[in-house]
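In what follows, a structure is listed as structure tokens, so that the remarks can point back to it.
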Amino acid sequence: KELTVAIVGATGAVGTKMKEQLIKRNFPIKHIKFLASARSAGKEIEFDGKTYTIEEATPDAFEGVDVALFSAGGSVSAKLAPEAAKRGAVVIDNTSHFRMHPEVPLVVPEVNRGDLKEHKGIIANPNCSTIQMVAALQPIREKFGLTKVIVSTYQAVSGSGVSAIEELREQSAQWEAGKNVEAKILPAKSDKKHYPIARNVIPQIDVFTENGFTYEEMKMINETKKIMHMPELAVAATCVRVPVVSGHSESVYIEVENDASVNEIFEVLKNAPGIVLQDDITTQDYPMPLFVEGEDPVYVGRIRQDLSNKKGFHLWIVSDNLLKGAALNSIQIAEAMLEDNLL
Ligand code: A2P
Ligand code: 11C
């Protein structure tokens with residue numbers, strides 16, 4: 001079966017990776033459309049050796065579309081995802097807009113593929129930092145149970161889009177040239193103050209919520225519980241932006257329900273789908289964002305048993321935030337739906 005696919009936000013950081021993943025994974029495409037803002041409409045875009053013209057994303061652009069992959073920001077999804085669904089497309093939305101809606105499945109196929117069959121036209125792709133964490137924790141949870149998760153993240157600027165990558169590059173050049181470093185976007189474009197990311201780390205991703213956690217932190221907390229079907233799970237997050245272009249890293253402390261050892265966790269992760277265990281301190285082997293850029297899996301290393309709680313374990317989880325964290329997971333959702341006759 002071949003499908004008509006639309007990418008909404010085709011010129012963006014994630015949209016560009018969606019194009020690459022569709023080709024790399026040989027997704028069965030009958031026809032493809034590239035949608036973006038009116039600013040890009042009429043411009044040319046390359047796909048699989050051919051040139052296409054970008055169209056403005058409007059409700060009618062979704063006529064005849066089977067699968068619409070959205071990554072153009074929450075307000076675009078809010079407005080156009082229901083329009084696309086109304087016209088018969090299945091929407092796979094990479095923004096946070098519909099994620100916590102009770103009728104919208106929030107899916108990492110390795111964790112909760114079964115939720116896809118409940119869809120009503122829109123499926124949400126989780127936040128990048130959530131996806132890589134739950135992909136690594138699910139196999140551990142299946143074997144040993146899971147009661148608590150405390151995560152601190154080290155997130156790449158590409159999570160904030162093409163303009164944030166450009167900002168890091170410009171600030172690095174400004175510093176190199178001995179000029180004043182200008183900050184315009186990070187930590188959050190809509191917030192009052194901006195801080196340089198070059199030569200810095202910023203303990204704020206997205207704006208603050210009323211409880212003192214940021215939206216990014218609340219996404220990790222709420223989305224983890226929803227994807228894993230564990231409303232009772234204790235989760236806390238501190239999300240930090242670092243001057244890395246691609247690849248989110250996470251220091252994760254977990255507590256399991258049943259007795260476990262580091263070796264048993266190694267065994268579980270070695271056999272888990274989409275996970276690469278990279279953990280050999282004798283050869284200083286552990287995952288780092290520079291080396292996972294462009295790679296599909298979620299990498300896990302530095303696994304240690306806590307020194308005061310034998311049910312506590314520390315892990316270091318790294319993945320390319322634009323791939324498993326965004327574009328790849330979206331395409332894997334589409335593939336799973338095709339296989340399960342949901343498309
Ligand atoms: P455009 O290039 O026309 O602005 P990123 O997350 O990397 O910043 O990319 C955002 C993506 O969302 C881009 O493809 C951008 O297109 C697209 N986009 C932004 N605003 C709109 C809009 N109002 N309608 C459709 N697409 C939009
Ligand atoms: C970041 N995780 O790294 C964010 C980007 O909810 O899809 C993804 C925001 C989202 O800035």
Side-chain angles (χ1 to χ4, degrees), residues 6-19 33-45 53-59 61-62 68-81 83-84 92-100 106 108 124-133 151 153-168 185-191 197 202-207 214-224 237 239-250 289 319-327 329-330:
I7 301 183
V8 188
T11 54
V14 175
T16 304
K17 298 292 175 186
M18 284 172 163
K19 283 171 32 186
K33 287 182 143 184
F34 299 101
L35 309 177
S37 75
R39 296 179 291 277
S40 303
K43 289 187 188 158
E44 292 189 334
I45 192 165
T53 303
I54 298 171
E55 293 172 48
E56 184 181 353
T58 60
F62 297 98
L69 304 165
F70 274 71
S71 197
S75 58
V76 175
S77 291
K79 202 169 92 193
L80 291 177
E83 297 291 341
I92 301 173
D93 181 27
N94 188 48
T95 77
S96 61
H97 190 78
F98 295 101
R99 286 183 193 146
M100 296 313 296
L106 179 66
V108 178
N125 190 74
N127 180 32
C128 37
S129 36
T130 312
I131 294 178
Q132 65 183 65
M133 184 171 82
V151 52
T153 69
Y154 305 68
Q155 293 183 224
V157 295
S158 58
S160 198
V162 167
S163 53
I165 303 175
E166 206 42 48
E167 177 162 81
L168 171 58
I185 296 168
L186 295 170
K189 204 168 179 186
S190 63
D191 216 339
I197 187 61
I202 306 177
Q204 180 191 349
I205 297 183
D206 209 331
V207 295
T214 61
Y215 273 100
E216 181 77 0
E217 290 159 354
M218 290 313 298
K219 284 178 197 173
M220 287 198 79
I221 293 166
N222 294 328
E223 294 178 18
T224 296
C239 292
V240 179
R241 188 76 69 192
V242 295
V244 164
V245 174
S246 277
H248 286 353
S249 307
E250 300 175 340
S319 193
D320 187 324
N321 53 302
L322 299 178
L323 296 183
K324 184 58 184 169
N329 198 66
S330 292

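We count ligands from 1, going down the list as the structure has it; atoms in each ligand are counted the same way.
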In terms of atom number and element, which parts of ligand 2 are under 4.0 angstrom from non-hydrogen atoms of N94?
7 (O)
Closest non-hydrogen atoms of I131 and G325, given as atom of the first, atom of the second and distance, are CD1-O, 3.3 Å
Note: E223, heavy atoms under 4.0 Å from ligand 2, region reported as neither
Using non-hydrogen atoms of the residue, decide whether N321 is closer than 4.0 angstrom to ligand 2.
no
Point-to-point distance, once rounded to the nearest 0.5 Å, from OG1 of T130 to CD of E250:
8.0 Å
Note, I7 side chain near K19 side chain (heavy atom, < 4.5 Å):
yes
For atom 5 (C) of ligand 2, closest protein heavy-atom neighbour
G159 O, 3.0 Å
Ligand-side contact atoms (ligand 2) for residue partner Q155, heavy atom cut-off under 4.0 Å:
1 (C), 2 (N), 3 (O)
re atom 11 (O) of ligand 2, the protein heavy-atom contact at minimum distance is R241 NH2, 2.6 Å
Interatomic spacing from CZ in R99 to CG in N94 - rounded to 0.5 Å
6.5 Å
protein heavy-atom neighbour closest to atom 7 (O) of ligand 2 works out as R99 NH2, 2.7 Å
Of all heavy-atom pairs linking P203 and V240, the shortest is CA-CG2, 4.2 Å
So CG of N125 and CD1 of I92: to nearest 0.5 Å the spacing works out to 8.0 Å
Closest protein heavy atom (residue, atom, distance) for atom 8 (C) of ligand 2
N127 OD1, 3.4 Å
Distance under 4.0 Å to a non-hydrogen atom of C128: what atoms of ligand 2 satisfy this?
2 (N), 3 (O), 4 (C), 5 (C), 8 (C)
Write down the atom of I197, the atom of V242, and the distance for their closest heavy-atom approach.
CD1-C, 3.8 Å
Heavy-atom contacts with ligand 1 below 4.0 Å: which residues, ordered by chain and residue number?
G9, A10, T11, G12, A13, A36, S37, R39, S40, A57, S71, A72, V76, G161, V162
Nearest-0.5 Å distance, NZ of residue K17 to OG of residue S246:
6.5 Å
Near H248, which atoms of ligand 2 are under 4.0 Å from a heavy atom of that residue?
3 (O)
Per side-chain contact (heavy atoms from CB on, under 4.5 Å), M133 is matched among N127, V151, V108, T153 by V151
In this structure, CD of Q155 is separated from NE2 of H248 (nearest 0.5 Å) by 4.0 Å
Can you tell me how far the CD1 atom of I202 sits from the SG atom of C239, to the nearest 0.5 Å?
13.5 Å
Please identify each residue that fulfils salt bridge (Lys or Arg N to Asp or Glu O under 4.0 Å) with K219, with sequence neighbours left out.
D206, E216
Which residue and atom name correspond to the protein heavy atom nearest atom 9 (C) of ligand 2, and how close is it?
K219 NZ, 3.4 Å
Any atoms of ligand 2 less than 4.0 Å from a non-hydrogen atom of I205? List them with their elements.
11 (O)
